[in-house]
Amino acid sequence: VRLAAVPAAAAPAAADPGEIRRPFVGMRRRIADRLQASARTAVHFTFVEELDVGPLLARRDHLAPQAAADGVKLTYLPFIIQAVTRALAAYPMLNSYLDEARNELVTRSALHIGVAAATEAGLLVPVIKHAERLDLLSIAREIERLAEGAHAGTLKTDELSGSTFTVTSRSEERRV
């Protein structure tokens, strides 16, 4: 029988003099925890489809003056969210989750759409509650309100939780 000495745990490498360390707590910690939980438990998929967006452009151009008169900037995102809510209503299995503790597939009735937003605090996902009940301009108004709150850091916990489906873009993810 040969016995070998077990080396002591390696000492941490000498810190770079320019290194900055700060506690990983608060909002940044919650964001990291939620992203890790999502990566472990949610089905992630990307769908890419080429479309003729000419009718969308014409509709946006037609509605933009009315939106501006109501004090709302009409971007393409409300159209995407409205299309997502219609697709989720038509295919409710996409708005489901697995309750592992009860071994049940749960299909949600409410459509709470998360919208990823890059902020100084990191990637936040404000939630448009019951997006299926909102018209296009109401969705646009809610996106603006949530985006302003996300960037100002004034959103409440319930405005950052409860998403049943999330819309994001690769450009938002890269800016974090």
Hydrophobic clustering (ILVMFWY, side-chain heavy atoms < 4.5 Å, transitive) - are [Y] and [X] grouped together?
X	Y	value
Ile113	Met93	no
Val125	Ile143	no
Ile80	Leu51	no
Leu77	Val127	no

Q: Calculate, to the nearest 0.5 Å, the distance between atoms CG and NE2 belonging to Leu124 and His151 respectively.
A: 8.5 Å
Q.
Can you tell me how far apart CG (Leu155) and CG (Leu146) are? Round to the nearest 0.5 Å.
A.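 With rounding to 0.5 Å, CG (Leu155) is 6.0 Å from CG (Leu146).
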Show the nearest heavy-atom pair for residues [X] and [Y], with the distance to one decimal.
X	Y	value
Ser96	Leu105	CB-CD1, 4.1 Å
Ser163	Thr166	OG-OG1, 3.1 Å
Ala150	Thr119	O-CG2, 3.7 Å
Leu74	Ala64	CD2-N, 4.1 Å
Thr107	Pro92	CG2-O, 3.3 Å
Ala89	Leu111	N-CD1, 4.5 Å

Which atom pairs, one a donor and one an acceptor, fall under 3.5 Å between side chains of residues 133-142 and the rest of the protein, sequence neighbours left out?
{"unit_1": "Asp135", "atom_1": "OD1", "unit_2": "Leu137", "atom_2": "N", "d": "3.2"}
{"unit_1": "Asp135", "atom_1": "OD1", "unit_2": "Ser138", "atom_2": "N", "d": "2.7"}
{"unit_1": "Asp135", "atom_1": "OD1", "unit_2": "Ser138", "atom_2": "OG", "d": "2.9"}
{"unit_1": "Glu142", "atom_1": "OE1", "unit_2": "Arg145", "atom_2": "NE", "d": "3.0"}
{"unit_1": "Glu142", "atom_1": "OE2", "unit_2": "Arg145", "atom_2": "NH2", "d": "2.8"}

**Q.** Backbone of Ala110 reached by a side-chain donor or acceptor of Asn95 within 3.5 Å
**A.** yes
(Q) Quick check against the 3.5 Å criterion: does Asp70 have a side-chain atom that pairs as donor or acceptor with the backbone of Val72? (A)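 Flag not set: sc Asp70 to bb Val72 has no pair under 3.5 Å.
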Q) Under 4.5 Å between any side-chain heavy atoms of Glu159 and Thr157, yes or no? A)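 With C-beta onward as the side chain, the pair stays apart.
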Q: Please say whether more than 12 non-hydrogen atoms of neighbouring residues, nucleotides or ligands are located less than 6.0 Å from CG in Asn103.
A: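 Not buried by this count: 12 neighbours or fewer within 6.0 Å.
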**Q.** Test side-chain contact (heavy atoms from CB on, under 4.5 Å) applied to Tyr76 and Ile81, Val53, Leu57, the passing residue
**A.**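 One option only clears the test, and that one is Leu57.
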(Q) For Phe79, does the six-membered ring have the charged nitrogen or CZ of Arg60 within the cation-pi criterion, i.e. under 6.0 angstrom from the centroid and within 45° of the normal? (A) no
Q | Residue list, ring-ring contact (aromatic ring centres under 6.0 Å, His included) with His130, at least two apart or on another chain | A | His112
Q: Begin with the C-alpha distance, continue with both residues' side-chain angles, and end with the deciding distance and a verdict on side-chain contact (heavy atoms from CB on, under 4.5 Å) for Thr75 and Lys73.
A: CA-CA 6 Å; Thr75 66; Lys73 181 180 177 189; 4.2 Å; yes
